[in-house]
Amino acid sequence: MISLSLSHIADVLGGRLVVRRGDTPDTLVSGLVDTDSRLIAPGDIFVAKPGETTDGHLFVGTAVERGAALAIVERELDDEVSQIVVPDVVAALSDLARDVVARVRSAGELKIVGITGSNGKTTTKNLLARILEGTGETVSPRASFNNEVGAPLTMLRVTDATRYLVSEFGASAPGAIAHLAGLVTPDIGVVLMVGMAHAGGFGGIESTFHAKSELVRATREGGLAVLNVDDPRVAAMEPIACERGQGVRWFGRSERAEVRAVDVEVSASGTRADLIVDGQAYTLTLRVLGEHHVMNALAALAAATALGVPAADAVARLETVEIAERWRMQPLGSDRVRIINDAYNASPDSMAAALRTLAQITGPGERTVAVLGAMSELGEYADEEHDRVGLLAVRLRIQRIVVIGPEARRMYLEAIAQGSWDGEAVFFADADAAYDYLSTELRDGDRVLVKSSNSAGLRHLGDRLGDLFA
């Protein structure tokens with residue numbers, strides 16, 4: 001974080017400053033800001049966030065032992081560290097992030113890119129950050145820091161030397177993206193797709209459209225909207241961009257796109273794509289598995305080249321990326337038994353994309369095995385969407401369908417109903433039982449996809465299988 005006095009931070013947060021251990025209101029702090037006491041280093045700021053199972057106020061002492069220079073709290077504590085007492089520490093995080101980013105932006109060359117979409121946010125964020133970090137200091141989220149806590153924590157990592165801030169915005173509820181993007185008013189807003197992810201929480205896909213379009217509305221007037229031309233709902237955000245005087249830069253497979261893929265080949269070692277970027281031809285060899293990640297690469301290219309990065313340089317930097325993120329299409333195991341661990345997140349769209357990738361990368365004499373768990377946050381659409389996944393797995397001729405957990409059982413039942421009743425589809429109540437089965441069932445030449453939402457916990461099963469067949 002940039003250097004700020006205790007009194008300035010207190011004023012920004014509207015909080016009460018409690019000065020301890022020789023500090024004064026003019027004492028400067030410039031460390032990182034975090035809600036995890038285990039990550040605090042000397043000079044950092046600890047935010048005592050109440051949680052579902054514990055309370056950050058209980059760990060202020062640990063943060064002090066690790067060298068915290070300031071604690072942001074909701075009640076004054078006896079710990080020997082200066083404190084700013086506020087009514088709501090999560091709201092305080094947003095207030096501080098807004099102030100810090102505005103100060104850096106006014107003093108330097110900071111450019112801000114916001115990314116949202118039902119799928120692909122984290123991968124696109126990582127791809128764009130890899131491109132931009134070759135040009136200047138770039139701040140981007142760790143993992144999927146895209147909510148009311150993670151997004152501000154990322155923003156607070158900017159310094160006076162930061163040239164690019166890449167922010168990922170998730171939508172936990174209507175208005176969430178508007179709030180988070182409104183903290184920084186991005187120069188470029190990237191919308192990847194509008195799908196069924198979180199549809200249960202929004203009341204349907206049209207409500208999801210309105211939530212994702214909040215990013216375009218929050219992007220600065222005269223800025224740029226980078227939109228997926230192949231998704232009709234994303235393309236329908238063009239009038240919103242025009243109302244705000246924004247340019248529109250299209251990416252996708254359509255000839256209308258300034259940044260497009262004209263030919264894509266998928267293999268077990270990655271994805272090759274012929275690209276056209278502003279009329280010039282390039283070839284991209286992406287080591288990240290899956291045809292669907294080409295769209296994420298196109299979005300990253302569209303944003304990076306709009307910021308002035310030469311397309312050839314951007315493509316070269318994309319080719320250095322080995323995996324999108326841990327537990328996202330992550331290759332494990334060995335050439336003998338290849339495990340693809342994609343169990344950090346799942347929606348109907350990403351589930352379908354992962355299953356198609358499995359079918360595409362499996363060669364003659366090899367066997368497709370899909371290990372599937374529940375997709376969360378689908379609400380009233382859950383039964384129908386799980387049925388669709390079971391149907392798709394059969395239509396793709398997946399040779400072993402292993403379904404885990406009662407919430408995912410309809411995938412198994414649909415696969416049985418579609419003809420996978422002779423041992424092709426099996427069901428297990430939990431991951432341990434599935435591991436016991438898979439440890440003896442898997443054989444040389446198997447290509448295994450492990451896919452579920454994070455809440456299903458199958459990412460750990462994927463890791464265990466990867467270690468077993470390494």
Side-chain angles (χ1 to χ4, degrees), residues 1-25 27-100 139 141-158 167-168 170 172-173 176 179-180 183 326-327 344-345 376-377 453-457 459-460:
M1 192 184 78
I2 60 175
S3 182
L4 297 173
S5 68
L6 295 178
S7 60
H8 176 83
I9 297 174
D11 288 344
V12 168
L13 304 187
R16 177 170 60 88
L17 176 60
V18 179
V19 176
R20 295 269 170 86
R21 62 179 186 190
D23 289 343
T24 72
T27 296
L28 299 176
V29 293
S30 59
L32 296 178
V33 182
D34 215 305
T35 59
D36 188 338
S37 62
R38 298 168 296 182
L39 301 179
I40 293 296
D44 287 352
I45 299 172
F46 178 63
V47 179
K49 183 180 77 70
E52 294 181 3
T53 58
T54 189
D55 185 347
H57 292 78
L58 301 175
F59 299 95
V60 171
T62 301
V64 174
E65 291 174 1
R66 297 184 63 87
L70 173 67
I72 299 175
V73 297
E74 294 181 358
R75 59 180 183 273
E76 184 177 341
L77 302 174
D78 293 333
D79 297 90
E80 277 302 308
V81 63
S82 291
Q83 301 163 38
I84 297 175
V85 185
V86 297
D88 184 334
V89 296
V90 174
L93 266 178
S94 291
D95 292 338
L96 185 57
R98 182 189 294 108
D99 180 75
V100 166
V139 171
R142 302 195 306 261
S144 294
F145 271 34
N146 61 22
N147 63 11
E148 62 181 354
V149 174
L153 288 178
T154 298
M155 297 167 189
L156 287 166
R157 287 167 47 211
V158 302
S167 287
E168 174 185 340
S172 57
H179 166 69
L180 295 174
L183 299 178
R326 187 182 180 192
W327 299 318
Y344 188 85
N345 207 350
S376 61
E377 300 184 55
S453 285
N454 194 14
S455 59
R459 62 194 187 282
H460 302 303

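In what follows, residues are counted from 1 in the order of the sequence shown.
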Report yes if the side chains of [X] and [Y] come closer than 4.5 Å at any heavy-atom pair, otherwise no.
X: Leu17; Y: Ile84; value: yes
X: Leu156; Y: Leu96; value: yes
X: Phe46; Y: Asp34; value: no
X: Leu6; Y: Leu70; value: yes
X: Arg75; Y: Val73; value: no

Hey, is the main chain of [Y] close enough, under 3.5 Å, to the side chain of [X] for a donor-acceptor pair?
X: Asp55; Y: Leu58; result: no
X: Gln83; Y: Val19; result: no
X: Asp79; Y: Val81; result: no
X: Thr154; Y: Gly150; result: yes
X: Ser453; Y: Ser376; result: yes
X: Ser82; Y: Arg20; result: yes
X: Asp99; Y: Val12; result: no
X: Glu74; Y: Val89; result: yes
X: Arg16; Y: Val85; result: no

**Prompt:** Angle class for the Tyr344/Trp327 ring planes (parallel below 30°, perpendicular above 60°, tilted otherwise)?
**Reply:**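 Rings of Tyr344 and Trp327: parallel, as their planes differ by under 30°.
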**Prompt:** For Ser5 and Ser7, does a side-chain donor sit closer than 3.5 Å to a side-chain acceptor?
**Reply:**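 Note: Ser5 and Ser7 side chains meet the donor-acceptor criterion.
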**Request:** Can you measure from CE (Met1) to CD1 (Ile45) and round to the nearest 0.5 angstrom?
**Result:**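 Met1 atom CE to Ile45 atom CD1 measures 3.5 Å (nearest 0.5 Å).
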